[in-house]
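A note on names: the letters A, B, ... follow the listed sequences, proteins ahead of strands, and every chain is numbered from 1. Bear in mind that the values here come from a model prediction, so they are computed numbers and not experimental data.
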Protein chains: 2
Amino acid sequence: MPTAAESATSTPPAEPERDARRAAILDAAARLIAERGYHAVRVADIAREVGTSTGAVHYYFPGKNDVLTAALRSAVDRAFERQSAELRRLDDAHARLLRLIEMQLPKVGVVRDEWSVWMQFWAEATINPELRPVHNAFYARWHDTIARIVRRGQRQGTFSADVDPDEVAVRLSALTDGLAIQVLTGAPGITVTVMRELLVDFVRRELSA
Amino acid sequence: MPTAAESATSTPPAEPERDARRAAILDAAARLIAERGYHAVRVADIAREVGTSTGAVHYYFPGKNDVLTAALRSAVDRAFERQSAELRRLDDAHARLLRLIEMQLPKVGVVRDEWSVWMQFWAEATINPELRPVHNAFYARWHDTIARIVRRGQRQGTFSADVDPDEVAVRLSALTDGLAIQVLTGAPGITVTVMRELLVDFVRRELSA
């Protein structure tokens with residue numbers, strides 16, 4: 001196996017080390033994008049954060065758009081795994097949906113950084129149609145998670161059988177995104193607590209059997 | 001009054017010409033930001049679009065953030081005047097709210113460009129707290145427009161007296177923003193038509209007396 005110094009220069013690193021290095025680059029990229037904004041982050045900043053060379057970053061990600069896409073993918077994957085592990089432990093669909101809402105609130109820390117990356121991605125995907133398929137594939141996963149929980153609740157008899165799970169998923173995710181924007185831009189009166197109340201209220205109004 | 005050539009170089013232009021030049025710069029800036037994204041637009045691009053020098057643009061707007069803020073302000077002002085003129089002609093609050101929804105739909109053209117500028121601004125204001133007061137002042141106007149129409153409808157007896165106009169304004173604007181993101185990022189199935197249906201449906205469910 002090559003040493004870290006070798007892999008940062010010319011010899012391709014062995015697979016386990018490649019994966020670890022790649023993950024470290026993506027973590028750093030997502031963190032920097034969330035803090036400073038996509039356009040303010042240079043590949044050199046990511047390299048410095050990970051303690052490697054710009055050449056090593058380019059070895060994994062040829063262009064800057066590749067880093068943005070991969071950083072969003074990594075943030076979405078991590079959120080998805082975190083959520084799935086938590087949600088699997090809850091049998092009741094109502095409890096699952098409330099837990100999902102709670103896990104998506106843009107509190108300070110990891111989740112807020114993930115939201116910040118999403119907002120960068122929305123702005124970029126609006127301008128650059130090439131980014132839309134990737135965005136939409138990620139977004140579909142979030143939509144499906146909600147729709148599946150609604151169907152589960154309908155089978156369990158806790159959610160109204162009259163609602164269309166996919167329509168509820170569209171509306172709940174749009175409401176969540178819109179409220180997150182207000183929280184992240186510091187709109188007066190729209191705190192994480194208010195956001196939670198409005199989303200829990202949505203579940204009560206729209207889904208009660 | 002100085003000629004256009006003079007005003008583009010050294011002599012400060014007379015007031016009416018200054019206003020017209022300033023407005024032309026802001027129109028060009030908003031259009032370019034909407035098309036290419038805030039960070040991709042250089043002051044030189046704005047100058048070329050208006051047919052003036054970068055010095056002339058800097059005469060009106062010292063820094064690039066000043067142009068972004070002023071372009072958003074101009075887009076918001078224009079949308080607000082357009083909306084106010086239309087809405088004043090409608091006495092019935094229900095008709096007013098449906099008209100407001102219609103005017104906000106991100107169809108191709110001016111309104112879609114305005115949404116694109118908003119999305120750039122959200123992403124920037126998340127990263128840069130200095131932009132938040134300006135963002136929030138603009139946003140408050142949009143919120144107040146909705147809340148005022150809801151109160152009007154309550155006085156007219158067409159909207160339910162049980163709802164809190166400010167809470168409805170928060171939820172309707174969040175839903176609108178979240179759906180606009182889906183339309184602008186090209187989410188499958190979320191067209192302008194679907195967005196309209198979901199918003200009209202919100203009014204029916206939440207506000208019917």
Side-chain angles (χ1 to χ4, degrees), chain A residues 33-41 106 112-113 115-129 131-140 143 166-167 170-190 194-195 197-199 201-202 205-206, chain B residues 33-41 106 112-113 115-129 131-140 143 166-167 170-190 194-195 197-199 201-202 205-206:
Chain A
I33 291 167
E35 271 170 28
R36 301 184 196 172
Y38 171 60
H39 290 274
V41 177
R112 196 170 179 111
D113 279 4
W115 274 107
S116 179
V117 175
W118 269 112
M119 288 177 67
Q120 303 286 322
F121 209 81
W122 290 333
E124 289 300 306
T126 295
I127 303 299
N128 179 1
L131 290 173
R132 293 184 195 165
V134 182
H135 172 273
N136 292 334
F138 293 150
Y139 209 85
H143 174 102
D166 284 305
E167 201 207 281
V170 168
R171 290 194 289 125
L172 181 55
S173 55
L175 186 64
T176 305
D177 291 345
L179 290 171
I181 292 166
Q182 297 291 308
V183 173
L184 272 88
T185 56
I190 311 297
V194 170
M195 178 171 171
E197 280 169 13
L198 291 172
L199 294 174
D201 187 53
F202 176 96
R205 287 170 190 252
E206 307 277 337
Chain B
I33 290 167
E35 272 169 26
R36 302 183 196 172
Y38 172 61
H39 290 273
V41 178
R112 196 171 178 110
D113 279 5
W115 273 107
S116 179
V117 175
W118 268 113
M119 287 176 67
Q120 303 286 323
F121 209 81
W122 291 335
E124 289 301 305
T126 295
I127 303 301
N128 179 0
L131 291 173
R132 294 185 193 164
V134 182
H135 172 274
N136 292 333
F138 294 151
Y139 208 86
H143 173 102
D166 284 305
E167 200 207 282
V170 169
R171 290 195 288 125
L172 180 55
S173 54
L175 186 64
T176 305
D177 291 344
L179 290 171
I181 293 166
Q182 297 291 308
V183 173
L184 272 90
T185 56
I190 311 297
V194 169
M195 179 171 171
E197 281 169 12
L198 291 172
L199 294 174
D201 187 54
F202 175 95
R205 286 169 190 254
E206 308 276 336

message: Please identify, among B:Asp177, B:Val194, B:Asp166, B:Leu175, the residue contributing the most non-hydrogen atom pairs under 4.5 Å to chain A.
response: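 Between B:Asp177, B:Val194, B:Asp166, B:Leu175, the count favours B:Leu175.
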Segment of [X] engaging chain A (4.5 angstrom heavy-atom cut-off):
{"X": "B:Ile181", "value": "side chain"}
{"X": "B:Asp201", "value": "side chain"}
{"X": "B:Leu199", "value": "neither"}

message: Less than 4.5 Å to any heavy atom of chain B: does that hold for the side chain of A:Glu206, its backbone, both, or neither?
response: side chain
Most contacts with chain B, counted as non-hydrogen pairs under 4.5 angstrom, among [options]:
{"options": "A:Leu131, A:Thr176, A:Thr185, A:Thr126", "answer": "A:Thr185"}
{"options": "A:Ser173, A:Ala140, A:Ala123, A:Ala34", "answer": "A:Ala123"}
{"options": "A:Arg112, A:Glu167, A:Met119", "answer": "A:Met119"}
{"options": "A:His135, A:Arg171, A:Arg36", "answer": "A:Arg171"}

message: Using a 3.5 Å distance criterion without hydrogens, assess whether the side chain of B:Gln120 forms a donor-acceptor pair with backbone atoms of B:Gly37.
response: no
message: Would A:Gln182 and B:His143 count as a side-chain hydrogen bond (donor to acceptor under 3.5 Å, both in side chains) here? Give the steps.
response: CA-CA 12 Å; A:Gln182 297 291 308; B:His143 173 102; over 6 Å; no
side-chain hydrogen bond (donor to acceptor under 3.5 Å, both in side chains) between B:Glu124 and A:His39, worked out: CA-CA 10 Å; B:Glu124 289 301 305; A:His39 290 274; over 6 Å; no
